[in-house]
Peer 1: 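Following this message is one structure expressed as structure tokens.
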Amino acid sequence: AQSITGVTFNNLLLAKSAGAVSIVTSNATVSGTLTSSSTASTLSAVALNLTVTGASSIALGNTVTSTSGTLTFTGAVSSTGAIGSNTGNQLYSSTFQNNGFWRIGSGSATTTGNFTNASTTLSDGGVISASADFATSTQAATFTVNNGTFVLEGAAAQSISGLTFNNFR
């Protein structure tokens, strides 16, 4: 495992073949792109905040997480890997395409940009709020909200056929 001090990065490329990189000491900001293109690595903000203002691309087998801090993505996010948190919050304010695994945990996740779920979303008591267009692009998409809540807000079109929700508003 490697540790990096939370600072402002112009662009951040995670190209490790395996293992974890932890952000320590202070919050981190990526003012450009975040690219995780290796085969099996993790970028963890642990209990700190990670903000990405440019586009983010998370490849299959890779993870971007924060145990209890806040993950904020203001640029478009495309993931075939895993993004999530145990108890922290997440904010997506541009297009979010989930073709991987999205974990909400017991925190909250808010999407104000268009959100397409083509894979697995897991919430362990957290709240998912979608205020822009929400769509499942395949019947194979899985939403496991356990005791969490899924909230559709706003006037945008919503396409949620074929899904089971425990708490829906």
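A quick note: this is a predicted structure, and the numbers were derived from the prediction, not measured.
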Peer 1: Do Leu60 and Phe101 sit in one hydrophobic cluster, given that two such residues count as connected whenever their side-chain heavy atoms are within less than 4.5 Å of each other, even indirectly?
Peer 2: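 No.
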
Peer 1: Would you mind reporting whether Ile83 and Ile58 have side-chain heavy atoms less than 4.5 Å apart?
Peer 2: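 Sidechains of Ile83 and Ile58: in contact.
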
Peer 1: Do you reckon Val7 sits in the same ILVMFWY cluster as Leu48, going by side-chain contacts under 4.5 Å, direct or chained?
Peer 2: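 Yes; Leu48 is reachable from Val7 via cluster members.
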
Peer 1: List the atom of Thr53, the atom of Thr74, and the distance in Å for their closest heavy-atom pair.
Peer 2: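 In this case the closest contact between Thr53 and Thr74 is CA-OG1, 2.9 Å.
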
Peer 1: Before giving the answer on side chain to side chain donor-acceptor pair (under 3.5 Å), spell out for Ser119 and Asn98 the whole-Å C-alpha distance, their side-chain angles and the decisive distance to 0.1 Å.
Peer 2: CA-CA 6 Å; Ser119 194; Asn98 176 41; 5.3 Å; no

Peer 1: Without hydrogens or angle criteria, can the side chains of Ser38 and Asn62 be said to hold a donor-acceptor pair below 3.5 Å?
Peer 2: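 Yes, a side-chain donor-acceptor pair sits under 3.5 Å.
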
Peer 1: Has the side chain of Ser22 got a donor or acceptor atom that lies under 3.5 Å from a matching backbone atom of Ala45?
Peer 2: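 No.
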
Peer 1: Main chain of Thr5, side chain of Thr25: is a donor-acceptor contact present, judged purely on distance under 3.5 Å?
Peer 2: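 Pair absent, no side-chain N/O of Thr25 close to backbone of Thr5.
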
Peer 1: Could you check whether any side-chain heavy atom of Val21 comes within less than 4.5 Å of a side-chain heavy atom of Thr42, counting everything from C-beta outward?
Peer 2: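 No, too far: nothing below the 4.5 Å cut-off.
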
Peer 1: So Leu50 and Leu43, do their side chains get closer than 4.5 Å, heavy atoms only?
Peer 2: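 Of all side-chain heavy-atom pairs linking Leu50 with Leu43, at least one is under 4.5 Å.
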
Peer 1: Return the minimal non-hydrogen interatomic distance between Gln90 and Arg103, and the atom names on each side.
Peer 2: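 Minimum heavy-atom contact is NE2-O, 3.0 Å.
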
Peer 1: Please check if Phe73 and Leu14 belong to a single hydrophobic cluster, counting links between Ile, Leu, Val, Met, Phe, Trp and Tyr side chain heavy atoms closer than 4.5 Å.
Peer 2: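 As far as the 4.5 Å side-chain criterion goes, Leu14 and Phe73 are connected within one cluster.
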
Peer 1: Side chain to side chain donor-acceptor pair (under 3.5 Å) between Ser79 and Asn99: does it pass, once the steps are laid out?
Peer 2: CA-CA 6 Å; Ser79 175; Asn99 291 359; over 6 Å; no

Peer 1: Give the cluster check for Ile4 versus Val64: same hydrophobic cluster or not, with ILVMFWY residues linked at side-chain heavy-atom distances below 4.5 Å.
Peer 2: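 In one cluster: yes.
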
Peer 1: Are any of the side-chain heavy atoms of Ser41 and Ser36 separated by less than 4.5 Å?
Peer 2: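 Yes. Closest side-chain heavy atoms under 4.5 Å.
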
Peer 1: Do you know the tightest heavy-atom contact between Ser85 and Ser68?
Peer 2: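 Ser85 and Ser68 have their closest heavy atoms at OG-N, 4.4 Å.
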
Peer 1: Checking the side chain of Ser94 only, and the main-chain atoms of Gly113 only, is there a donor and an acceptor separated by less than 3.5 Å?
Peer 2: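 Pair absent, no side-chain N/O of Ser94 close to backbone of Gly113.
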
Peer 1: Over all heavy atoms of both residues, which pair between Ser37 and Ala59 is shortest? Give the atoms and the distance, please.
Peer 2: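 Scanning both residues completely, I find the closest heavy atoms to be CA-CB, 4.0 Å.
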
Peer 1: May I have the step-by-step check of side chain to side chain donor-acceptor pair (under 3.5 Å) for Ser108 and Asn89, ending in yes or no?
Peer 2: CA-CA 5 Å; Ser108 67; Asn89 298 322; 3.1 Å; yes

Peer 1: Transitively linked via ILVMFWY side-chain contacts under 4.5 Å: Leu91 with Val127?
Peer 2: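 Different clusters.
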
Peer 1: Would you list the atom pairs, donor with acceptor, under 3.5 Å between side chains in residues 26-34 and any protein atom, with sequence neighbours excluded?
Peer 2:
| from | atom 1 | to | atom 2 | distance (Å) |
| --- | --- | --- | --- | --- |
| Ser26 | OG | Gly6 | O | 2.5 |
| Asn27 | OD1 | Asn49 | N | 2.8 |
| Ser31 | OG | Phe9 | O | 3.2 |
| Thr33 | OG1 | Asn11 | OD1 | 3.2 |

Peer 1: Specify whether Tyr92 and Trp102 have parallel, tilted or perpendicular ring planes, treating 30° as the upper limit for parallel and 60° as the lower limit for perpendicular.
Peer 2: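 Geometry flag for Trp102 against Tyr92: perpendicular rings.
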
